[in-house]
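To start, the structure under review is shown below, and the notes come after it.
As the structure is a prediction and not an experimental result, all values here were calculated from the model. Proteins come first, then strands; the chains are lettered A, B, ... in the order of their sequence lines, and each starts at number 1.
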There are 2 protein chains.
Amino acid sequence: MQNITETTPLEPEELQQLAGLAERRRAIKRYQHLYHTGSSFQYLYLIRAGSFKSYTADTSGRQQITGFHLSSELVGTAAIGTGRHICDVVALEDSSVYKISCAEIERLVHKIPMLQRCLQRALSREFERNYKVMMLLGSMKAEERLAMFLLDLSQRFAMQGYSATEFDLRMTREEIGSYLGLKFETVSRMFSSFRESRSIEVKNRSIEIKDLDRLRQMVGYFA
Amino acid sequence: MQNITETTPLEPEELQQLAGLAERRRAIKRYQHLYHTGSSFQYLYLIRAGSFKSYTADTSGRQQITGFHLSSELVGTAAIGTGRHICDVVALEDSSVYKISCAEIERLVHKIPMLQRCLQRALSREFERNYKVMMLLGSMKAEERLAMFLLDLSQRFAMQGYSATEFDLRMTREEIGSYLGLKFETVSRMFSSFRESRSIEVKNRSIEIKDLDRLRQMVGYFA
DNA sequence: CGCGATTTTGACGGCACTCAAGCGCCGTGG
DNA sequence: CCACGGCGCTTGAGTGCCGTCAAAATCGCG
C-alpha cells in the first residue's frame with residue numbers, strides 16, 4: 001500500500017547520495033505548500049524533518065488525499081515524466097526540506113550512473129505501489145485498509161530508524177479517511193475496534209502497536 | 001477514468017509517428033499473453049486490431065484487472081521507467097499488434113525530439129489517470145462507476161473513428177467488475193437498471209448508448 | 001480559560017455483497 | 001440435426017458493512 005506516484009522512501013545509502021545534491025534547505029511552516037498542481041517541475045524535495053500530505057481536488061472542490069510523506073522521503077518525483085506537478089503538497093506541521101534542483105539532477109545523472117539507477121529504482125517502487133492502492137480501494141474492507149495503513153506507516157518509520165510500534169499520527173481522521181476511501185467516523189470506529197481487540201493502543205494521534213501479527217492477519221493476502 | 005499506467009490512447013498524428021517505427025506485426029490468439037509480470041521490457045506494442053486486458057495477481061492468486069486496451073492504443077509504456085513489466089497482458093480475442101523494439105525507440109528518441117515529446121505526453125496522460133482511478137475506486141457508487149466505464153469506452157472508440165454510441169464489449173461482466181471494484185452480479189444489475197431508465201440498450205455484449213447526457217449526469221462531478 | 005476543531009459513539013438506512021436458482025448462448029459430440 | 005453441457009448472464013432474497021445524521025466529549029490553539 002501507499003502513496004500513489006508521489007512519495008519515495010529511500011534506502012539509507014540512496015539518501016546519502018541525494019543529500020549531497022541538496023542545494024539548500026528550506027523551512028516550511030504548517031499548512032504551507034511545497035508546490036501546486038500544474039506548476040512546473042523545478043525541484044525535488046527531500047524531507048529533512050516534518051511531514052506532508054498531497055492531494056488533488058475532486059472536481060466538486062473538496063480535497064482527495066493521495067499520499068502522506070514522512071521525513072527522509074523524496075517528494076515530487078511523479079513530475080519527472082511530465083514536467084508539471086499533478087497534485088498539491090502541503091505541510092502537516094512545521095517542516096524542513098532539502099531542495100534539489102531539477103537541472104542539477106539532469107546534469108549529475110549523466111555523470112553518475114549510480115544516481116540514475118537510484119532514481120529509477122525509486123520510480124519503479126512508485127509504479128508498483130499504484131497497483132496496491134488500486135487493490136486496496138477496489139476490494140478491501142475498512143478494517144483491512146486501516147490495518148494496512150498502520151503497517152505501512154510502521155514500516156516507513158522503522159526504515160528511518162524510529163520505532164516501528166510507537167509513533168504519532170500527524171494527520172486527522174478525516175485525512176486518513178480521504179486517503180483510504182472511508183468516512184472519518186468509520187476510521188474512528190476502526191481505531192476503537194482495534195483497541196478493543198488489543199491490537200493497538202490509541203490515544204488521539206498517538207499510536208502504539210501491541211500486536212503486529214494480528215494487524216498482518218487482518219491485511220491477510222494483501223500484505 | 002481508465003487504465004492505470006498501462007494503456008496509452010494516441011492522437012492520430014502520434015499514431016502515424018509510431019507506426020513508422022513498427023518493426024513487424026504479430027498475430028496474437030485469444031487468451032495468448034503479450035507479456036508477463038516481471039519479464040524484461042523489450043517492446044512496446046501498438047494494437048493494430050483486437051483488444052487486451054492487463055491484470056496482476058492479488059496475492060491470493062485471483063486476477064485483479066487493471067485495464068483494457070483497444071485497437072490503436074499503445075501497451076507496455078509503464079515499463080519504460082522500470083525496465084520490467086508490472087502486469088500481465090492477455091488478448092481478449094484474436095488480435096494483431098505492431099512490435100516496436102525498445103532499443104529502436106531509444107535510438108530514435110535521440111534523433112527525433114518530436115518523438116520524445118510524443119512519448120512524454122503519453123506517459124503524462126497515464127499518470128493523471130491514476131488519480132481518476134483512485135477517486136473512482138475510493139468514493140464512487142456502482143452506478144457512477146459503470147457510467148464512467150461506458151463513457152470512457154465510448155470516447156476511446158470515437159477517437160478511433162468508430163461509433164461512440166454503438167459498440168461491443170469484449171470482456172465479461174466479471175472482468176468489468178474486477179476492474180471497477182464490483183461483483184459481477186452488481187455489474188449485471190446496473191446494466192439492467194440502465195436499460196430500464198432507457199439510458200442504454202444492452203443485449204449480452206452489445207451496447208447502444210441511447211442517452212449520453214444521462215450517463216454524463218450520473219458521473220456528475222467526476223467527469 | 002474559552003471556543004472551535006477534532007474525535008467518539010449511537011441509531012438508522014441503503015447499497016452492494018453473498019448465496020442461490022434459473023435462463024440463454026454456443027460449441028461439442030452423438 | 002438435435003441433445004447435452006458448460007459458461008456467462010440475470011434476477012431474487014437476505015445480510016452486513018459502511019455512510020449519514022446527530023449529540024456529546026475531548027483536545028488544543030489563541
Query raised in the report: When you check the phosphate oxygens OP1 and OP2 of dT7(C), does a side-chain N or O of R205(A) lie under 4.0 Å from one of them?
Result: yes
Query raised in the report: Across the strands shown, which category fits S188(A) at heavy-atom distances under 4.0 angstrom: base, sugar-phosphate, nothing?
Result: base
Query raised in the report: Would a line drawn from the ring center of Y179(B) to the ring center of F68(B) be shorter than 6.0 Å?
Result: yes
Report task. Starting from the 5' end of DNA chain C, give me the residue, M190(B) or N204(B), whose nearest nucleotide shows up first. Result -> M190(B)
Query - D88(B) side chain to T37(B) side chain, donor-acceptor N/O pair below 3.5 angstrom - result: yes
Query raised in the report: Do you see a donor-acceptor pair shorter than 3.5 Å between the side chains of E143(B) and S193(B)?
Result: no
Query raised in the report: What's the CG-P distance between L92(A) and dT6(C), to the nearest Å?
Result: 12 Å
Query raised in the report: Which part of the nucleic acid, if any, lies within contact of G181(A), taking any heavy atom under 4.0 Å across all strands shown: a base, the sugar-phosphate backbone alone, or nothing?
Result: sugar-phosphate
Query raised in the report: For F184(B) and K141(A), take the nucleotide of DNA chain C holding the closest heavy atom to each; which residue's nucleotide lies nearer the 5' end?
Result: K141(A)
Query - Distance, rounded to the nearest Å, where E185(B) contributes CD and dG14(D) contributes P - result: 17 Å
Query raised in the report: Given atom CG of L146(A) and atom P of dT7(C), what is their separation to the nearest angstrom?
Result: 13 Å
Query raised in the report: Quick one: F191(A) CZ to dT9(C) C1', roughly how many Å, whole number?
Result: 16 Å
Requested in this report: Please state how far atom CZ in R189(B) lies from atom C1' in dC15(C), giving the value in whole angstrom units.
Outcome: 11 Å
Query raised in the report: Do the side-chain N or O atoms of S192(A) get closer than 4.0 angstrom to the phosphate oxygens (OP1, OP2) of dT9(C)?
Result: yes
Query raised in the report: When rounded to the nearest 0.5 angstrom, what distance separates CG in L212(B) from CD in Q155(B)?
Result: 10.5 Å
Requested in this report: Whole angstrom is fine here: how far is it from NZ in K183(B) over to C1' in dA16(C)?
Outcome: 11 Å
**Report entry** OP1 or OP2 of dC27(D) under 4.0 Å from side-chain N/O of K203(A)
**Finding:** yes
Query raised in the report: Between dG28(D) atom P and R170(A) atom CZ, what is the distance in whole Å?
Result: 12 Å
Requested in this report: Using whole Å, report how far CG of L182(B) lies from P of dC9(D).
Outcome: 15 Å
Query raised in the report: Does T186(A) put a side-chain nitrogen or oxygen below 4.0 Å from OP1 or OP2 of dG19(D)?
Result: yes
Report summary line: Note: S95(A) and G50(A) closest approach over all heavy atoms is OG-CA, 3.2 Å
